[in-house]
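Everything quoted here is computed from the prediction, not taken from an experiment.
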Amino acid sequence: MRETVTEQEPNQNPEQNLTQSQDELYMRRAIELAGNAEAEGEVPVGAVVVLDGQVIGEGWNRSIGQHDATAHAEIMALRQAGKVVQNYRLLDAVMYVTLEPCPMCAGAMVHCRIGKVIYGAPDLKTGAAGSIMNLLSYEQVNHHVMCESGLLEQECRAQLQAFFKRRRAEKKAEKQARRAQ
């Protein structure tokens with residue numbers, strides 16, 4: 001009887017695949033949460049904080065509805081996570097967020113000493129995790145946050161682009177309606 005040998009593709013590690021599929025699962029949850037923001041008329045950004053394989057914080061943009069400039073998805077998720085672990089320090093936690101963090105959110109991640117952030121789409125206007133600046137590993141800060149980018153990037157980007165395209169069309173229609181009156 002002959003044994004069949006199957007070759008494993010290079011860099012095809014089953015443990016890595018498990019981690020990747022878990023990462024995608026959490027990012028898909030962040031995309032769902034971004035849908036909550038969109039339903040509330042907010043920019044569709046969602047965030048999930050995971051510690052030891054458990055979701056401990058979730059959030060979505062709520063700045064407009066809460067009249068609070070700090071109510072970004074990441075901040076909302078960090079607040080919830082801190083309450084769950086009863087500590088503002090979130091060592092070893094991982095944040096999944098659909099859009100690259102802004103300076104405020106990146107600063108909060110450094111301050112709470114989160115272990116890692118994984119984001120989907122880059123923010124080429126205010127991104128503080130490498131696009132415009134990188135506050136997550138700024139040389140002079142006391143804690144550096146590991147960072148990965150591009151997880152489900154196209155899905156995250158498409159969600160944001162569709163929102164802004166619709167919003168521009170709505171504004172244009174409003175302007176035309178005012179002119180018609």
Side-chain angles (χ1 to χ4, degrees), residues 3-40 42-62 72-102 105-106 108-110 112-124 126-131 134-137 143-164:
E3 286 185 51
T4 307
V5 177
T6 57
E7 285 187 30
Q8 199 171 344
E9 289 184 8
N11 299 328
Q12 191 92 22
N13 178 338
E15 194 173 296
Q16 182 181 8
N17 289 343
L18 178 61
T19 302
Q20 183 178 10
S21 64
Q22 287 174 330
D23 287 345
E24 287 182 10
L25 177 75
Y26 295 129
M27 185 61 81
R28 289 194 190 288
R29 177 63 182 150
I31 291 169
E32 286 177 29
L33 295 168
N36 292 352
E38 188 168 5
E40 294 175 7
E42 305 270 357
V43 175
V45 178
V48 175
V49 179
V50 177
L51 181 64
D52 298 326
Q54 298 294 315
V55 174
I56 60 168
E58 294 185 332
W60 60 89
N61 276 359
R62 306 196 82 188
H72 287 196
E74 300 95 319
I75 300 297
M76 304 303 282
L78 290 173
R79 287 177 183 159
Q80 189 179 67
K83 288 179 183 176
V84 168
V85 300
Q86 297 191 339
N87 193 337
Y88 77 94
R89 291 193 176 181
L90 300 171
L91 296 167
D92 301 321
V94 179
M95 174 171 293
Y96 297 84
V97 61
T98 58
L99 181 65
E100 180 180 0
C102 72
C105 295
M109 290 176 203
V110 169
C112 75
R113 292 169 175 78
I114 201 156
K116 183 178 190 179
V117 64
I118 300 173
Y119 69 85
D123 185 341
L124 303 178
T126 63
S131 289
N134 191 349
L135 296 179
L136 297 177
S137 61
H143 176 75
H144 293 194
V145 179
M146 291 189 308
C147 182
E148 288 181 23
S149 63
L151 181 62
L152 301 179
E153 179 180 346
Q154 292 181 339
E155 291 177 47
C156 295
R157 178 184 288 127
Q159 187 177 36
L160 286 157
Q161 287 175 335
F163 171 81
F164 286 113

How many angstroms lie between atom [atom1] of [X] and atom [atom2] of [Y], to the nearest 0.5 angstrom?
X: Leu136; Y: His143; atom1: CG; atom2: NE2; value: 9.0 Å
X: Leu51; Y: Leu91; atom1: CG; atom2: CG; value: 9.0 Å
X: Leu99; Y: His72; atom1: CG; atom2: NE2; value: 10.0 Å

Identify every side-chain donor-acceptor pair in residues 112-122 under 3.5 Å, counting partners at least two apart or on other chains, and give the distances.
from, atom 1, to, atom 2, distance (Å)
Arg113, NH1, His111, O, 3.2
Lys116, NZ, Glu148, OE2, 2.5

For Asp92, give me all partners under side-chain hydrogen bond (donor to acceptor under 3.5 Å, both in side chains), at least two apart in sequence or on another chain.
none

Working for side chain to side chain contact (heavy atoms under 4.5 Å, CB included), residues Val145 and Ser137:
CA-CA 6 Å; Val145 179; Ser137 61; over 6 Å; no

Kindly state each residue pair satisfying salt bridge (charged side-chain N to carboxylate O under 4.0 Å, His left out) with at least one member in residues 25-39, sequence neighbours excluded.
Arg28-Glu155, Arg29-Glu32, Arg29-Glu58, Glu38-Arg166

Does some side-chain heavy atom of Asn61 sit less than 4.5 Å from a side-chain heavy atom of Pro44?
no

Can you list the steps and then say if Val94 with Val49 is a side chain to side chain contact (heavy atoms under 4.5 Å, CB included)?
CA-CA 6 Å; Val94 179; Val49 179; over 6 Å; no

Mind running salt bridge (charged side-chain N to carboxylate O under 4.0 Å, His left out) on Arg62 and Glu42 for me, showing each step along the way?
CA-CA 6 Å; Arg62 306 196 82 188; Glu42 305 270 357; over 6 Å; no

Let's go through Val43 and Phe163 carefully: what are the C-alpha distance in whole Å and the side-chain angles of both, what is the deciding distance for side chain to side chain contact (heavy atoms under 4.5 Å, CB included) to 0.1 Å, and is it a yes or a no?
CA-CA 7 Å; Val43 175; Phe163 171 81; 4.0 Å; yes

Short question: side chain of Gln159, backbone of Ile31 - any donor-acceptor pair under 3.5 Å?
yes

